[in-house]
Amino acid sequence: MREWTREERYRVLQNPEEIRPLYDKIRHSVYRQLYHVQPVTGLSSDPNGFALHHGLWHLCYQWCPWGAVHGLKYWYHVTSPDLIHWTNEGIGLAPDRDYDNKGNHSGSGISVGDELYFYYTGNHRDENWVRTPWTCAAYLDEQGKICKLDEPLFGPRPDHSEHQRDPKVVWNAEKGKYYIFIGAQTLDMRGCVLVYESEKPLTGWRFAGELKVPGYEHFGGMWECPYITRIGGRDLLIFSPQYTKLPGRGESTNHNVYFIGRMDYDTLTFTPEGGYHFLDYGFDFYAAQGAANVADPDKAILMGWIGLPDNHYPTEEEDWEGSMTIPRELRIRDGRLWQTPINGIEVLRERELAADGNLPEAGEITVDVPAGDFELNLYTHADGSGGMRLHYNSLTRTVTIDRRGMEKRFNQHVFEVLDVPMDEPLKSIRVFIDRSSTEFFLNEGEKTFTTHSYPIAAEHHYTVTDGANLRLWAYSRSVTDEFVV
Ligand code: FRU
C-alpha cells in the first residue's frame, strides 16, 4: 500500500493533462468495469447529487483524481438517459473557493421547475488543519455545467462537532418547505442528523432542530450520508453509521442501514417501526443515496458506493479504486424493503451463454434454487477449486458468502465470510458480475449482497448444485470510459 503525504493527497488539479498519464495507465486494466460507473482516474466513493432533471439522470461521485486515496475530493459528473447507459461529463465541482479549499464533500440534488440544484459540503481547513464544514449550493447552467453560488448557505452548528456534512435536500409539499438533512455528530460523539428548513431552495435557511429517532440515541459515532424519502405512504430513512461494530458485520465499523417508519415534520421525529436493517449484506457497500424527482410514489431509485471508507482494494496497485452499484429500485412490502435491479437492465444482455461452467467477464446469472441446501461457486478455477462460494443452509435459512477461496484476497482482517439471514426460503438468485464487482439479489430483492471481486485470468468458471436451473448472459458495455475532465 502506497504512503501518501498530505501535499500529494490534497494537490489541486490545475490542468487535466496532469492526470492523462494515470488514465492511460488504468484504462487497459482487466478490472475496469463495463457497465458500472467508475472513476475516470483515481478514487471514486459516494454517489452525490443524484436527480432526474428534464428527462436526464444526473449523478456525481466523490472523486480524488490522484490515485486510490481519500484526499482532495471533487464531484465528478456523469449523466444517463435511462440509468443504464452513462456518459462522462467531466468535473462537476472543484475545490476552488476558500470555503471548500479542502474538498467538495457529499451531497444531493433536486430538480425544481427549470432548475437543478445541488447541495454539498464545502470542506474548509485552516493552516492548523482545523475543519469548518459549510453547507453550499450550486445549480446546473444552460450549458450543462454545475455552477456554485458565491456564498455558502450556512455554516456548522457550534453545539455539534466538526462532523456535519452530506446535505440531503427534500421538498415537503404538506409543509410547503424544503428541508436539508445533515449527517452529524454530537459533542459527546454520538451520530445524529441535523435538520434545516426554508421556503425557498437557495435562501432563508434556518436550523430547525436535531432529528429524533427514538431508540437510536446511541447508535454509532457519526451518521454519514442521510437519505430520506416516502415510498407508498411510508417513510424510509437511510444513513451510514460509523465508529461502531454491529452484529454480523465482522470487524467493520462502517455500515449502511435503513429504517421504515413515520416522519413527523412538526416534531422532527422519525419513529421507526421495528429496528434497523442492513441496506445490503455485502462486504463492500456504503453511502447509498436515492435519486430525487422519481415520479412514481411507490418506489425510490438508489445507488451505493462499492467500497468502504477504511478498506483497501487490489486495484490500489494500479492507482485507482471504486465503483458505483447498478441503480436499484426500492419498494416497501410487508413492512420491509425490497430492492430489485433497475428495470430494463436486460437490454445489456448481449447474448445468452451455454450454462457450461464458464463465466463471462461481465454479465448476469439467474438461478432457480431447488429446495434444500444449495451452493453456487463463482470465479473458480477450471477444475472447480477456489472461488467465491455462496452456500445456503435450508435449515437455518442462512445464505453465507465466503470469498476466501479467491486468489486476490483483501480486507481479510475486516471480513471475508458473511451471513445473510433470509426471511423466506431461498428460491431465486440474480447475480450481476462485472470485471471487479459482484451484486447478488436474493429472492427477487428480499436481500442484496454487494462485493468487489478481482478474479485472475484463470478464475472465470463456476460450479452449481445439481438440479438448479441456471442461465447466464454476457453483458455489453454501457458506461463510456472516455478521458473527459
Ligand atoms: C462518506 C464520506 C462523507 C463525506 C465524503 C468525503 O464516505 O465520508 O461523509 O462527505 O465521504 O469524501
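In listed order, ligands and their atoms are each counted from 1. Keep in mind the model is a prediction, meaning the values are calculated, not measured. Residue numbers run from 1 in the order of the sequence given.
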Using a strict cut-off of less than 4.0 Å between a Lys/Arg side-chain nitrogen and an Asp/Glu carboxylate oxygen, indicate whether D280 and R328 qualify as a salt bridge. yes
Can the positive tip of R6 be found less than 6.0 Å from the middle of the six-membered ring of W129, inside 45° of the ring normal? yes
Are R11 and W4 in a cation-pi contact, defined as NZ or CZ under 6.0 Å from the six-membered ring centre and within 45° of the axis? no
Are the charged groups of D284 and R403 less than 4.0 angstrom apart, N to O? yes
Heavy atoms of L202 and L153 approach each other most closely as O-CD2, 3.4 Å
What does the contact table look like for ligand 1 (nitrogen or oxygen on each side, cut-off under 3.5 Å)?
residue	atom	partner	partner atom	Å
ligand 1	7 (O)	D46	OD1	2.8
ligand 1	7 (O)	D46	OD2	3.3
ligand 1	8 (O)	E224	OE1	3.4
ligand 1	8 (O)	E224	OE2	2.7
ligand 1	9 (O)	R165	NE	2.7
ligand 1	9 (O)	D166	OD1	3.3
ligand 1	9 (O)	D166	OD2	2.6
ligand 1	9 (O)	E224	OE2	2.9
ligand 1	10 (O)	S106	N	3.0
ligand 1	10 (O)	D166	OD1	2.5
ligand 1	11 (O)	D46	OD2	3.1
ligand 1	12 (O)	Q62	OE1	2.6
ligand 1	12 (O)	K73	NZ	2.8

Counterpart residues, side-chain hydrogen bond (donor to acceptor under 3.5 Å, both in side chains), relative to Y454 (two or more places apart): H452
